[in-house]
Amino acid sequence: MISAQAWSDAQRLWDFQQMHHEPRPCSVGIGLGSHDLGVADVTVDLYRRGMMPVIVFTGAMSRTTRERMPRGEAEHYRERALELGVPTDAVLVEPNARNTGENILFSRSLLVERGVDVSSVLLVSKPYEERRAHATARKLWPEVEIVSASAPMTLAEYVDSMRDTRLVLDMLVGAQQRLLIYPEQGFMIRQEIPEPVAAAYDRLCGEGFTSRLVATS
C-alpha cells in the first residue's frame, strides 16, 4: 500500500519535474528513448502539428527495456512513428546513447553529420523527467533554445498507464536525485530546489522508494 503522504510527496515531485513549456515550432524534435513508447507518440503528435520538420529518436537499451525493446529504444520509437504515418525521411535514429547526456551529445553529432541547422530543440521525454532532460540539454547544448514536452497526463493517469505504482514513484525519486547530484558532476545546470520539494524527496527516500537511485560517494 502507498500511504497518503507518499502520494502527496510523489505529486509534489511530479509537479516540479514539469517545465510547463508551451510547444512551439523548433528546428528539430528529439524523442528521448526509454521504456515508455508514449514518448514516440507525443513526438509524432507534435510533428503532425507542424512543430518540427525532422525527428531524432535516441537510445540504446537499458535493463528496463532489454526485453520489451530488443532492437533498441530508438529503433522501436522509429517503428512506432512509421506505423503512425511519419515519412521515413523525417525520422533519424541515434541508437547508441545509454543516458540522457549521451542522448543529447550523440543526437547533436548526428544532426551535424546530416547537415541539419539547429537553433531550437523540442525535447520530448517522459513527464517526470522533463526538468532533468531540460537541465542536461541546457548544460551540454547551451547555444540552442530548449523547449520541453511530454504527454499531458496527471500522475494518476501515468501510474495507471504503467501499471506499476512503485516503479513510477521510484523513478520520480531517481529523477529528483539526479537534479541534486549531477550538477556537481558537470552533467546538467544547477537549479534551485524548493524546500517542500526537497522534503518530499527525503520522505520518499525514507519510505524506501530508492530502487532508481544512483550510488554516491
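In this text, all values refer to a predicted model and were calculated from it rather than measured experimentally. Numbering of residues begins at 1 and proceeds along the displayed sequence. Basis for what follows: all heavy atoms, side chains included, without hydrogens, waters or symmetry-related copies.
Within a 6.0 Å radius of CZ in Arg49, more than 12 heavy atoms belonging to other residues, nucleotides or ligands are found. In Arg203, the CZ atom is crowded: over 12 heavy atoms of neighbouring residues, nucleotides or ligands sit closer than 6.0 Å.
With hydrogens and angles disregarded, a donor-acceptor distance shorter than 3.5 Å links the side chain of His76 to the backbone of Arg71. In this structure, Glu102 contributes its side chain and Arg98 its backbone to a donor-acceptor pair below 3.5 Å. For Thr136 (side chain) and Arg132 (main-chain N/O), a donor-acceptor pair under 3.5 Å exists by modelled atom type. With hydrogens and angles disregarded, no donor-acceptor distance shorter than 3.5 Å links the side chain of Thr210 to the backbone of Leu213. The main-chain N or O of His21 is never found under 3.5 Å from a side-chain atom of Ser148 such that the two would form a donor-acceptor pair. Formation of a donor-acceptor pair under 3.5 Å by the Glu130 side chain with backbone atoms of Met19 is found in this model. Counting only distance, with no hydrogens or angles, the side chain of Arg178 and the backbone of Gly174 share a donor-acceptor pair below 3.5 Å. No side-chain donor-acceptor contact under 3.5 Å links Gln11 to the backbone of Leu13.
Put simply, the side chain of Trp7 reaches to within 4.5 Å of the side chain of Leu155, judged on heavy atoms. Ile30 has its side chain out of reach of Asn103: every pair of non-hydrogen atoms, C-beta onward, lies at least 4.5 Å apart. Considering only heavy atoms from C-beta on, Val118 comes within 4.5 Å of Trp141 through its side chain. Contact check for Gln176 versus Arg131: no side-chain heavy atoms found under the 4.5 Å cut-off. You'll find the side chain of Tyr47 reaches within 4.5 Å of the side chain of Pro87, heavy atoms only. Residues Lys126 and Met162 fail the side-chain proximity criterion, which asks for heavy atoms closer than 4.5 Å. Using a 4.5 Å heavy-atom cutoff, the side chains of Val121 and Cys26 are not in contact. Counting only heavy atoms from C-beta outward, the side chains of Ser34 and Val39 approach each other to under 4.5 Å.
Nearest heavy atom pair, residue Ala151 against residue Pro127, reads O-CG, 3.8 Å. Taking every heavy atom of both residues into account, Cys205 and Val173 meet most closely at SG-CG1, 3.8 Å. Across Glu129 and Ala175, no two heavy atoms sit closer than the pair CG-CB, 4.2 Å. Here the shortest heavy-atom pairing between Val144 and Ser120 reads CB-N, 4.3 Å. Residues Glu94 and Ala74 share a closest heavy-atom pair of O-CB, 3.5 Å. Residue Pro23 comes nearest to Leu46 through the heavy atom pair CB-CD2, 3.9 Å, listed as atom of the first residue, atom of the second, then distance.
Salt bridge annotation for Glu145-Arg24: present, with a cationic side-chain nitrogen under 4.0 angstrom from a carboxylate oxygen. A salt bridge links Arg108 with Glu143: the closest approach of a Lys/Arg side-chain nitrogen to an acidic carboxylate oxygen falls below 4.0 angstrom.
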- Walk me through it: do Gln177 and Arg212 pass the test side chain to side chain contact (heavy atoms under 4.5 Å, CB included)? CA-CA 9 Å; Gln177 182 209 28; Arg212 295 292 163 159; over 6 Å; no

- Message: Is there a side chain to side chain contact (heavy atoms under 4.5 Å, CB included) between Tyr201 and Leu180? Walk through the geometry before answering.
- Response: CA-CA 11 Å; Tyr201 166 77; Leu180 299 172; 3.5 Å; yes

- Walk me through it: do Ile55 and Leu92 pass the test side chain to side chain contact (heavy atoms under 4.5 Å, CB included)? CA-CA 6 Å; Ile55 296 168; Leu92 302 177; over 6 Å; no

- Task: Kindly determine whether Tyr77 and Thr58 satisfy side chain to side chain contact (heavy atoms under 4.5 Å, CB included), including the steps that lead there.
- Result: CA-CA 9 Å; Tyr77 279 22; Thr58 168; over 6 Å; no

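Sorted by first and then second residue, the pairs that involve residues 143-180 and meet ring-ring contact (aromatic ring centres under 6.0 Å, His included), not counting sequence neighbours, are Trp14-Tyr158, Tyr128-Tyr158.
Rounding to the nearest 0.5 Å gives a distance of 6.5 Å between CD1 of Ile146 and NE2 of His134. Between atom CG of residue Asp170 and atom CG of residue Leu204 there is a gap of 9.5 Å, rounded to the nearest 0.5 Å. How far OG1 of Thr216 is from CD of Gln185: 9.0 Å, rounded to the nearest 0.5 Å. Summarising the geometry, atom CD belonging to Glu73 is positioned 15.5 Å from atom CZ belonging to Arg78; distances are rounded to the nearest 0.5 Å. Rounding to the nearest 0.5 Å gives a distance of 4.5 Å between CZ of Phe209 and CZ of Arg166. The CD1 atom of Ile104 sits 10.5 Å away from the CE atom of Met188 when rounded to the nearest 0.5 Å.
Clustering ILVMFWY residues whenever any of their side-chain heavy atoms sit less than 4.5 angstrom apart, transitively, puts Val91 in a cluster other than the one holding Leu111. Hydrophobic cluster membership differs between Val54 and Val112, with clusters built from Ile, Leu, Val, Met, Phe, Trp and Tyr side chains linked at under 4.5 angstrom. When hydrophobic clusters are built by joining Ile, Leu, Val, Met, Phe, Trp and Tyr residues whose side-chain heavy atoms come closer than 4.5 Å, directly or via intermediates, Phe57 is grouped together with Val86. Tyr182 and Met171 end up in the same hydrophobic cluster when Ile, Leu, Val, Met, Phe, Trp and Tyr side chains are linked at under 4.5 Å. There is no path of hydrophobic side-chain contacts, each under 4.5 Å, that joins Leu167 to Leu32.
Ser125 and Ser150 form no side-chain donor-acceptor contact under 3.5 Å, judged by distance and modelled atom types alone.
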